[in-house]
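Structure, as structure tokens:
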Amino acid sequence: MNTSSSTISDSDWVARSLASVWHPCTQMQHHESLPLVAVSHGKGAWLMDHEGRRYLDAVSSWWVNLFGHANPRINAALKDQLDRLEHAMLAGFTHEPVVQLSERLSALTDHHLGHCFYASDGASAVEIALKMSFHYWRNTGHAEKQEFVCLEGSYHGETVGALGVTDVPVFTEAYGGMFRRAHVVMNPDARKAGDGETSGDVVARAINAMRLLLERRADRIAAVIVEPLVQCAVGMAMYDADYLRQLRALCDEFSVHLIADEIAVGCGRTGSFFACEQATIWPDFMCLSKGISGGYLPLSLVMTTETVYQAFYHPDIARGFLHSHSYTGNPLACRAALATLEMFEEDDVIASNRQRSQWLGEALAKVAAHPAVRHPRQTGMIMAFDVEPPVREAFARRFFTAALKQELLLRPIGTTVYWMPPYVLTEEEIAGLGEGTLRVLENVA
Ligand SMILES: *Cc1c(COP(=O)(O)O)cnc(C)c1O
């Protein structure tokens with residue numbers, strides 16, 4: 001078997017991949033015409049193939065990469081960690097990286113969320129938050145609180161429990177019989193504002209819908225789960241921070257937990273480290289993953305309060321939270337996360353992203369001048385617009401293919417095009433991203 005990479009061309013890797021790798025979130029037959037890119041290496045915001053072509057990773061490789069590929073500082077931290085400890089189980093044992101990471105994250109919430117529980121992927125973090133909330137109510141004498149609430153268009157991952165709180169038909173439809181569906185309540189998507197309505201009016205309607213459900217059903221409901229500020233996977237639906245403030249108050253009024261799924265919007269993506277900061281609230285559970293390891297290694301976690309923690313702290317083992325994953329708190333992944341948090345601190349990334357967001361907003365405004373563009377929108381380092389193409393069929397795939405020819409990695413969701421780039425783009429790269437996107441739009445729409 002030929003395993004050396006130097007002599008193999010791009011098309012060889014593609015053929016071998018299509019024969020042996022079942023790619024995620026893909027109808028494999030589409031690859032009869034859809035290009036598959038074999039990445040050879042990465043540097044900064046760029047991914048390179050084996051034949052010298054390059055692509056600007058404008059979606060941070062599915063929203064995980066914060067500081068570019070092959071980042072020298074994260075690489076150095078990982079090389080150092082690799083020679084110390086690659087992994088040790090986290091039951092009965094602990095290690096420096098997981099302790100330091102938990103302390104730092106707790107400090108970032110002013111110690112409101114001072115207990116960190118670890119897993120490896122985002123969906124598992126969501127499952128953990130759901131289970132902890134459910135189990136909390138059982139431990140505190142409210143075993144009847146077993147139901148969950150999610151928002152219309154919500155996405156919280158694709159394992160069976162997470163699908164129960166997900167409302168994106170392409171992911172849920174085939175599996176409806178496998179899980180128990182949460183209550184789905186109107187979302188505050190700012191695009192819903194009618195003539196003369198503000199985003200605040202949309203918030204009021206959405207809060208009212210939530211209040212009606214809680215008035216009727218709160219005694220059976222464990223938690224409400226939301227993606228703060230931006231519902232990403234449904235197509236970058238953005239909403240007013242005031243919704244979160246009012247939702248927090250409702251959850252308090254009706255004794256229901258609030259779970260903030262910051263897997264996509266955390267780690268500076270919306271302009272503050274946590275999206276919840278923009279509403280000056282803390283949830284009862286916060287899920288993090290994706291960017292937390294800088295896009296290097298699978299790592300996820302759930303942060304929660306002293307109150308929740310204390311409800312499990314007891315001599316009886318069955319009152320404890322017995323959930324685990326084999327790689328829980330993996331030292332390499334935690335070390336990558338520590339290097340990521342160090343960069344936020346040392347480089348004041350939140351501040352430098354303000355300048356970057358402004359450039360991105362200016363580039364977006366130029367693209368938005370195209371007559372097929374609807375609802376250009378931005379929250380921090382997330383830019384999106386909807387397209388009304390002459391032909392809707394396979395729009396996302398045609399756009400992706402055309403973007404590769406402009407050296408851009410862009411992967412629309414339906415007819416929504418978005419940029420979610422790493423926090424290393426230069427002014428020049430941003431201008432290039434804007435001009436390239438406009439050229440793609442001219443080709444496809
Ligand atoms: C990506 C994502 C998840 C799931 O994370 P995985 O690591 O893909 O399982 C959950 N919630 C949100 C908001 C996400 O964007």
Side-chain angles (χ1 to χ4, degrees), residues 23-26 59-66 117-133 148-168 170-172 175 179 182 184 187-189 223-239 243-244 247 258-270 274-276 283 285-303 323 325-328 330 333 336-337 340 379-382 384 411-414 416 418-421:
H23 291 268
C25 204
T26 299
V59 300
S60 299
S61 281
W62 259 349
W63 323 343
V64 301
N65 187 291
L66 300 192
F117 195 99
Y118 288 86
S120 317
D121 56 74
S124 302
V126 166
E127 304 250 349
I128 287 163
L130 297 174
K131 282 178 69 180
M132 269 187 184
S133 173
F148 294 95
V149 182
C150 66
L151 297 185
E152 168 193 11
S154 58
Y155 176 92
H156 297 289
E158 292 166 51
T159 53
V160 173
L163 278 182
V165 289
T166 287
D167 182 46
V168 181
V170 283
F171 301 122
T172 57
Y175 312 105
F179 53 84
V184 180
N187 71 24
D189 185 341
V224 176
I225 182 167
V226 294
E227 296 154 88
L229 299 185
V230 188
Q231 294 183 300
C232 296
V234 75
M236 306 299 160
M238 300 184 182
Y239 62 88
Y243 177 78
L244 295 172
L247 179 63
L258 178 60
I259 303 172
D261 176 351
E262 295 226 5
I263 289 167
V265 297
C267 302
R269 188 48 77 178
T270 66
F274 299 114
C276 281
F285 302 91
M286 172 122 68
C287 303
L288 284 184
S289 187
K290 292 204 165 104
I292 186 65
S293 72
Y296 266 67
L297 287 160
L299 179 70
S300 68
L301 56 106
V302 178
M303 302 172 71
H323 188 103
H325 296 283
S326 309
Y327 283 97
T328 294
N330 174 261
T340 299
T379 302
M381 293 293 289
I382 308 176
R411 202 170 183 275
I413 300 168
T416 298
Y418 70 92
W419 301 333
M420 204 147 155

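Note that ligands are numbered from 1 as they come in the structure, with each ligand's atoms numbered from 1 the same way. When a residue number appears, it is its place in the shown sequence, counting from 1.
Take Q231 and apply the side chain to side chain contact (heavy atoms under 4.5 Å, CB included) test, not counting sequence neighbours, and it matches L151, S154, N187, E227, V234, A237, Y239. Among residues two or more places apart in sequence or in another chain, the side chain to side chain contact (heavy atoms under 4.5 Å, CB included) test is passed with S120 by P298, Y327. Every ring-ring contact (aromatic ring centres under 6.0 Å, His included) that Y155 has, sequence neighbours left out, goes to F171.
C267 is listed as a side-chain neighbour of L66, based on a closest heavy-atom distance under 4.5 Å.
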Distances for all N or O pairs of ligand 1 and the protein under 3.5 Å?
from     : atom 1 : to   : atom 2 : distance (Å)
ligand 1 : 7 (O)  : G122 : N      : 2.7
ligand 1 : 9 (O)  : G122 : N      : 3.4
ligand 1 : 9 (O)  : A123 : N      : 2.8
ligand 1 : 11 (N) : D261 : OD1    : 3.4
ligand 1 : 11 (N) : D261 : OD2    : 2.6
ligand 1 : 15 (O) : K290 : NZ     : 2.6

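D167 and E152 get closest at one heavy-atom pair: OD2-CA, 3.2 Å.
The backbone N or O of V64 lies less than 3.5 Å from no partner atom in the side chain of S60, so there is not a single donor-acceptor pair.
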